[in-house]
Amino acid sequence: MVDGTDDLLTRGRTFAPDPDFAARATAGPELAEEAGRDRLAFWARQAHERVSWERPPTETLDWSDPPFARWFADGTLNVAVNCLDRHVDAGHGDRVALHWEGEPGDSRSLTYAELTREVKRAANLLTSLGVVAGDRVVIYLPQIPEAVVAMLAVARLGAVHSVVFGGFSAESLRARIDDAQAVLVITADGGWRKGAVSPLKPAVDAALAADGPATVRNVLVVRRGGNEVDWTEGRDLWWHEQLEGVADEHEAEAFDAEHPLFILYTSGTTGKPKGILHTSGGYLTQVAYTHATVFDLKPETDVWWCTADVGWITGHSYVVYGPLANGATQVLYEGTPDFPAAGRWWDVVEKYGVTLFYTAPTAIRSVMKAGREIPQARDLSSLRLLGSVGEPINPEAWLWYREVIGADRLPIVDTWWQTETGAIMVSPLPGVTTTKPGAAQTPLPGVSVDVVDDDGTPVAPGGSGLLVVTEPWPSMLRGIWGDRDRYVETYWSRFGDRYFAGDGARRDEDGDIWLLGRVDDVMNVSGHRLSTAEIESALVSHAVVAESAVVGAADEATGQAVVAFVVLRDKAKVDLDPEEAAASLRRHVAEQIGAIARPRTVVLVDELPKTRSGKIMRRLLRDVAEGREIGDTTTLADAAVMGVISAEMR
Ligand code: WT7
């Protein structure tokens, strides 16, 4: 657990920066001083130095209509040109942009010159399919170079991509295509996962079936899995066929800094996912800045590897836009860490000489479980920095990461941020911060956060409360697609002028920040965000379910796990075998949302614990799911119900 008890494990151990590392670090303490003197001037400098503008901005922040921020609003740029052409123009065309490693062991390296050409061709193809600036394009692809090419081609045209993680179901895909009113879907026949082809095209076909969204004109299909696919003539087109003979010259247009770049859907506290909207100039500024300083990037010599899928925000910011804006060389890997055997990741590190490695605590815990012999049998000496993201990292995993993967020497950066923040907000700076296992610690230079109590009063050192961001930041979300009010309500209604992140946090005696997990009905399973309400509505859409309540229960492997309490309809209770019913409900959730949402445990109960006003008391269910003594039940309408549920859980 990440709270005061971690001192037992770490005994308050801290890790001062290595002097050699510090001497060569990209960022020094002067960065915080500069930002402290004049925050906006600091961001303006970052924007001018890290981004190539067609027309450099003279304005920094327009906060005249809060919470709707405009950053660098009179500047114009093309985001794709920033990630590609400018590096070629600067003489780095032969530098490798992507070392791609397919799961079956095939591989492909693309230089900046090659990637630029591919993106230009793809942009020409999209234009020929009628895609224009502002159109939405849904991308549903495996972790292959075409995913990066597709995103950048869309961005190059000033169109808006919405990448949907390949693990989401047809139903989730349909809802996202529909909400974004996409004109084009880019997908693949299938991708490789744990030794087999996992088909993708059938989900697109199902999402676009007769009653599906009518806005989609075409489906572009990349051939990757080689699996058989159904074909809708006139709508479906093979990517490789369409690209034949397409010119690799493309004149990119510049767009306003506030031109939309992408929508990425994420779970909120209701059943309907939120389309988080990000724009161009501010987003690019902050992802480039954070990628360079938090990870100490030296683009000429480093090999960057972020293990996240491009379907998540981490993949957007630290696989695509940050690293490519910075001209980095990186590894892109299609598969899972343990295929064909545990140790595949470390083979990849060795093969490409990875120097900077960024992954999630859940992955660290799973490699920990497989045993230290596995990484120790590989040469990991190329590594010089390790990063963590997605959930609080437990000190035990942090210490193991440093000792076993980091040769007891490498700096670790625990980076806190969200889909909404677009880029890293709270993190140690390598070579500057003395790190504490389990803490994200300090807001980055230019970022202002606080920990406050329910009334919005900052907590004293040693106190716990809620994390807020107190000043606008360049890569902040600009809203929720198509839902102005929900944006204001979700993030800005609680404390008015401060952004409410939804996370609990503690400030220790030194003023350092420790993240404590979500405080709302959002779960974090393996670093992925899931909504209890969304899973509940999937469950009640099943014919046998009368009512359900879902909670996130602490889980050693995945951080939190989905536990569903379900009341069956009376007839189903009689007709169904309980085990079969539970199995079919788990399957149903995976079909409705995606495999990541499949409940670990389904508990069939006769009744749910409710207050007299009918509100489900999730706190009590969480107690049961985590095997704790049940807390205060005095507000329950029927005090006996918890006794029955606890018995059923056992
Ligand atoms: C939520 C955001 C940011 C990319 C991955 C997840 C949790 C994220 C940390 C961290 C503690 C963390 C928070 C946050 N979270 N990083 N270093 N320490 N918690 O993006 O799906 O938007 O989820 O992930 O709870 O609110 P996301």
Side-chain angles (χ1 to χ4, degrees), residues 1 3 267-274 452-456 464-467 485-486 489-491 493-495 500-504 516-525 529-542 544-555 560-570 572-573 578 581-582 585 589 593 597 599-650:
M1 278 282 95
D3 57 26
S267 298
T269 53
T270 71
K272 190 177 184 294
K274 304 179 280 200
V452 301
D453 66 16
D454 284 338
D455 305 326
S464 297
L466 305 169
L467 188 76
D485 295 347
R486 192 174 177 194
E489 214 167 280
T490 308
Y491 307 104
S493 65
R494 188 141 177 182
F495 299 115
F500 172 54
D503 279 287
L516 303 174
R518 302 289 307 192
V519 295
D520 50 13
D521 289 330
V522 171
M523 285 170 286
N524 189 323
V525 178
R529 209 199 293 193
L530 293 169
S531 136
T532 54
E534 203 180 344
I535 301 175
E536 284 163 8
S537 79
L539 283 165
V540 297
S541 75
H542 193 291
V544 303
V545 175
E547 214 184 352
S548 83
V550 167
V551 298
D555 183 281
Q560 282 189 307
V562 180
V563 177
F565 294 85
V566 175
V567 181
L568 294 181
R569 290 182 191 281
D570 288 341
K573 277 184 205 162
L585 291 175
V589 173
I593 302 174
R600 183 195 69 190
T601 316
V602 172
V603 191
L604 302 178
V605 295
D606 282 327
E607 231 181 303
L608 294 171
K610 288 185 185 160
T611 61
R612 271 167 279 264
S613 62
K615 197 169 148 32
I616 295 172
M617 292 189 70
R618 275 170 225 285
R619 177 174 57 77
L620 300 178
L621 292 174
R622 223 172 287 130
D623 287 343
V624 180
E626 294 180 346
R628 258 193 314 275
E629 194 78 9
I630 295 161
D632 182 12
T633 57
T634 48
T635 52
L636 274 180
D638 173 4
V641 69
M642 282 317 296
V644 179
I645 292 177
S646 316
E648 276 157 343
M649 183 81 192
R650 274 180 239 117

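- Expressed to the nearest 0.5 Å, how far NZ of Lys573 lies from CG of Asp606 amounts to 5.0 Å.
- No side-chain heavy atom of Glu607 sits under 4.5 Å from any side-chain heavy atom of Val644.
- Pro599 is listed as a side-chain neighbour of Val589, based on a closest heavy-atom distance under 4.5 Å.
- Residues meeting the side-chain hydrogen bond (donor to acceptor under 3.5 Å, both in side chains) test with Asn524, sequence neighbours left out: none.
- If you run side-chain hydrogen bond (donor to acceptor under 3.5 Å, both in side chains) between Ser267 and each of Arg529, Lys272, Glu534, only Glu534 comes through.
- Rounding to the nearest 0.5 Å places OG of Ser493 at 11.0 Å from CG of Asp485.
- Between the OG atom of Ser548 and the CG atom of Leu604 there is a distance of 11.5 Å, given to the nearest 0.5 Å.
- Once rounded to the nearest 0.5 Å, the distance linking OG1 of Thr532 with CZ of Arg622 reads 8.5 Å.
- Rounding to the nearest 0.5 Å places NZ of Lys610 at 13.5 Å from CG of Leu620.
- None of Val602, Val551, Val550 except one satisfies the side chain to side chain contact (heavy atoms under 4.5 Å, CB included) rule with Val562; the exception is Val550.
- Nearest heavy atom pair, residue Asp521 against residue Arg618, reads OD1-CD, 3.7 Å.
- A distance of 5.5 Å separates CD in Glu547 from CD1 in Ile616, rounded to the nearest 0.5 Å.
- Side chains of Val641 and Val605 form no contact here, defined as non-hydrogen atoms less than 4.5 Å apart.
- The two residues Phe500 and Val519 make their nearest non-hydrogen contact at CZ-CG2, 3.9 Å.
- Using a 4.5 Å cut-off on side-chain heavy atoms (C-beta onward), Met642 and Asp623 make no contact.
- Counting only heavy atoms from C-beta outward, the side chains of Phe495 and Leu466 approach each other to under 4.5 Å.
- Using a 4.5 Å cut-off on side-chain heavy atoms (C-beta onward), Arg600 and Val563 make contact.
- Taking the charged nitrogens against the carboxylate oxygens, Arg494 and Asp454 do have a contact shorter than 4.0 Å, which makes a salt bridge.
- Using a 4.5 Å heavy-atom cutoff, the side chains of Asp503 and Leu516 are not in contact.
- By the 4.5 Å heavy-atom criterion applied to side chains, Arg486 and Thr270 are counted as neighbours.
- Residues Ala538 and Ile593 approach most closely at CB-CD1, 4.0 Å, considering heavy atoms.
- In terms of heavy atoms, Gly268 sits closest to Ser531 at O-CB, 2.8 Å.
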